[in-house]
Protein chains: 2
Amino acid sequence: MELRADARHNRERIIKAAGELIAARGLDVPMAAIARRAGVGVATLYRRFPTREALMVELFHDRLAVCLAGVDAALEDPDPWRGFRTYIENLCAMNAVDRGLAAAFLTEFRGAVDFERERARAEQGFAELVRRAKAAGQLRAEFDRSDLSLILMATDGITAASAETAVAAARRLAGLMLRSFHTGPAAPLPPPAPLALYHLSVPD
Amino acid sequence: MELRADARHNRERIIKAAGELIAARGLDVPMAAIARRAGVGVATLYRRFPTREALMVELFHDRLAVCLAGVDAALEDPDPWRGFRTYIENLCAMNAVDRGLAAAFLTEFRGAVDFERERARAEQGFAELVRRAKAAGQLRAEFDRSDLSLILMATDGITAASAETAVAAARRLAGLMLRSFHTGPAAPLPPPAPLALYHLSVPD
DNA sequence: CGCTAAACGGAGAGGCCACTCCACTTGAGC
DNA sequence: GCTCAAGTGGAGTGGCCTCTCCGTTTAGCG
């Protein structure tokens, strides 16, 4: 069934608003906040996306497309290690900026078949990236598929803790990981990131 | 003012319950759940700890003591690198098991002076550990104070994502970090951890 | 235009949370 | 063992969240 023009318009505004909010504030932004930012009522939001999860699938779809594009770009690099490295670096950088990106890569949606197919494709491309870098003798054999998840989750932990310095910290983390997985001499590290502590005021 | 015997008893039960719950389920367990597990009413909990933060300070105190003890133990190791390495490894391992530990190290309590003093002491001890390991030429000069926070936050991200495999993943992460900061030849890595994806069911 | 199905928004139901109030119970000093 | 301040538990309050109901508005077709 075709959506009416105004409905289609609102749908796009919702997706845009949700994307911005999730990128900035994390996955658990209230639905009401999304609706407000999109300039629609909550009912409209729920009519278009019957559950919170449905909205997430839609959002993650775009993120996943970005990841996939990154893999393809990396595969075109004639230098397998450089391809691998810049892919990891970019992924970490994007993850630090958009707090919904890692989730797109890391959550399995039971029932969203086309989403799952696309993710499988991204994983396959990444596997090829890994294979080539290993074959070139630049990526240690120790690198495991699961290490990508490890890196992503670790970056998540950093961005969750300190949003301001997240990009710098994520960059440094990526540098550390890459150095550890690289066979060659240690590459220079991105500068340390001044990570702030959480603050808690304890009243008397 | 002295607490009555029953009150003191309940206070201890509350601390015990809160510690167990936070270790297992993270920092945001409901106060009611803590009270239930301690076998007391919520009012009792709040009478003893007027705010959630007050309870946290109490809990973090113990955790911090553990960290401090670890630093002292590490300082006694005649091999500075081994001291540094095992300290990081232990910290990551403990952090993977107790989801409140990193928070103890990473949150600043305005107004809880003795807590802050103790944390400063832990940081100082760690700085000495770093100094020695660097002086021995085993820890790269690149290691920065903030990198400890980085490691802790990264471990947090991993344990938050997948509790079951957290210890294995934390171990591997620690291995990766240490390898990256070590001057010598690459040490073997802990085995990869099979990180599960998040699951989200999307209804039709 | 005018009609109507489609789309809309806001009020509200229901759940979970932190935190409080108060009528009842009990430890411990005499 | 009496007394009563100290201690207690559970019901209640108000806030925030997800998701629904329903009276009103509007796009778009003839």
Side-chain angles (χ1 to χ4, degrees), chain A residues 1-18 21-22 24-59 99-100 103 107 109 111 198-204, chain B residues 1-19 21-22 24-60 99-100 103 107 109 111 198-204:
Chain A
M1 160 110 68
E2 239 350 69
L3 282 182
R4 226 166 67 176
D6 53 346
R8 196 167 355 103
H9 179 231
N10 279 339
R11 188 175 193 278
E12 273 154 30
R13 289 175 54 111
I14 288 169
I15 290 175
K16 183 162 173 288
L21 244 28
I22 284 180
R25 293 209 258 147
L27 242 31
D28 50 358
V29 287
M31 294 294 261
I34 296 172
R36 194 161 0 98
R37 175 173 254 255
V40 302
V42 274
T44 301
L45 171 47
Y46 276 100
R47 196 170 319 104
R48 224 42 72 202
F49 302 98
T51 68
R52 188 184 180 78
E53 284 72 32
L55 177 56
M56 294 302 162
V57 190
E58 184 65 36
L59 287 173
R99 304 183 55 180
T107 100
F109 284 100
Y198 309 111
H199 288 290
L200 238 51
S201 300
V202 31
D204 306 317
Chain B
M1 162 110 70
E2 241 347 69
L3 281 182
R4 228 166 64 178
D6 54 344
R8 195 164 1 103
H9 180 232
N10 278 339
R11 188 175 193 278
E12 272 153 31
R13 289 174 57 109
I14 288 169
I15 291 174
K16 183 162 174 287
L21 244 29
I22 284 181
R25 293 208 258 146
L27 242 29
D28 49 359
V29 286
M31 295 295 259
I34 295 172
R36 194 163 356 100
R37 174 172 255 256
V40 303
V42 274
T44 301
L45 173 47
Y46 277 100
R47 194 169 320 101
R48 224 40 74 201
F49 303 98
T51 67
R52 189 185 180 78
E53 284 72 30
L55 177 56
M56 294 303 163
V57 190
E58 185 64 36
L59 287 173
F60 287 5
R99 303 183 56 180
T107 100
F109 284 100
Y198 310 111
H199 289 290
L200 238 52
S201 300
V202 31
D204 308 318

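Because the structure is predicted, anything quoted here is derived from the model rather than measured. Each chain gets a letter, A, B and so on, in the order its sequence line appears, and its residues count up from 1.
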*Asks:* Are any of B/Arg48's side-chain N or O atoms less than 4.0 Å away from OP1 or OP2 of D/dT8?
*Replies:* yes
*Asks:* Please report, rounded to the nearest Å, how far the C1' atom of D/dC19 is from the OH atom of A/Tyr46.
*Replies:* 5 Å
*Asks:* Rounded to the Å, how far apart are B/Arg8 CZ and D/dA6 C1'?
*Replies:*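 Nearest whole value for this atom pair: 13 Å.
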*Asks:* For B/His9 and D/dT8, what is the distance between atoms NE2 and P respectively, to the nearest whole Å?
*Replies:*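 So the NE2-P distance, B/His9 to D/dT8, works out to 11 Å.
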*Asks:* What are the two closest heavy atoms between A/Val29 and A/Leu21, and how far apart are they?
*Replies:* CG1-O, 3.8 Å
*Asks:* Mind running side-chain contact (heavy atoms from CB on, under 4.5 Å) on A/Leu45 and A/Asn10 for me, showing each step along the way?
*Replies:* CA-CA 9 Å; A/Leu45 171 47; A/Asn10 279 339; over 6 Å; no
*Asks:* Tell me whether the OP1 or OP2 atom of C/dA7 has a side-chain N or O from A/Thr44 closer than 4.0 Å.
*Replies:*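 Negative; the distance criterion is not met.
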*Asks:* Measure distances between side-chain N and O atoms of B/Arg4 and base N and O atoms of D/dA6, and say whether any donor-acceptor pair falls under 3.5 Å.
*Replies:*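 Present.
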*Asks:* Between atom CG in A/Asp28 and atom C1' in D/dC16, what is the gap in whole Å?
*Replies:* 13 Å
*Asks:* Here's a test of your reading of the structure: between B/Met31 and A/Ala43, which maps to the more 5' nucleotide of DNA chain C?
*Replies:* A/Ala43
*Asks:* Provide, to the nearest angstrom, the distance between the CG atom belonging to A/Leu3 and the P atom belonging to D/dG28.
*Replies:* 11 Å
*Asks:* Whole angstroms only, please: what is the CD-C1' distance between B/Glu2 and C/dG27?
*Replies:*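 Atom-to-atom, B/Glu2 to C/dG27, this comes out as 14 Å.
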*Asks:* Which residue, B/Ala5 or B/Val42, contacts DNA chain C at a nucleotide closer to its 5' end, judged by nearest heavy atom?
*Replies:*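 Its nearest nucleotide lies further toward 5', so the answer is B/Val42.
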*Asks:* For side-chain contact (heavy atoms from CB on, under 4.5 Å), just list the numbers for A/Phe49 and A/Met56, CA-CA rounded to whole Å, side-chain angles, deciding distance to a tenth of an Å, and then say yes or no.
*Replies:* CA-CA 9 Å; A/Phe49 302 98; A/Met56 294 302 162; over 6 Å; no
*Asks:* If you compare every side-chain N and O of B/Arg52 against the phosphate oxygens of C/dC19 (OP1, OP2), does one of them come in below 4.0 Å?
*Replies:* no
*Asks:* Once you round it to whole Å, what is the distance between C1' of D/dC17 and CD1 of A/Ile34?
*Replies:*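 Interatomic distance, CD1 of A/Ile34 to C1' of D/dC17: 12 Å.
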*Asks:* Determine whether a donor-acceptor pair (N or O, by modelled atom type, separation under 3.5 Å) exists between the side chain of B/Arg99 and the backbone of B/Ile22.
*Replies:* no
*Asks:* Between A/Pro30 and A/Arg47, which residue's closest nucleotide on DNA chain D lies nearer the 5′ terminus?
*Replies:* A/Pro30
*Asks:* Checking B/Glu58 against B/Arg11 for the side-chain contact (heavy atoms from CB on, under 4.5 Å) test, could you report, in this order, the C-alpha distance in whole Å, the side-chain angles of both residues, the deciding distance, and whether it holds?
*Replies:* CA-CA 11 Å; B/Glu58 185 64 36; B/Arg11 188 175 193 278; 3.5 Å; yes
*Asks:* May I have the distance from B/Glu53 (atom CD) to C/dA18 (atom C1'), rounded to whole angstrom?
*Replies:*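 Between C1' of C/dA18 and CD of B/Glu53: 10 Å.
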*Asks:* Would you tell me if any nitrogen or oxygen in the side chain of A/Asn10 comes within less than 4.0 Å of OP1 or OP2 on C/dA7?
*Replies:*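 For C/dA7, OP1/OP2 do not have a side-chain N/O of A/Asn10 under 4.0 Å.
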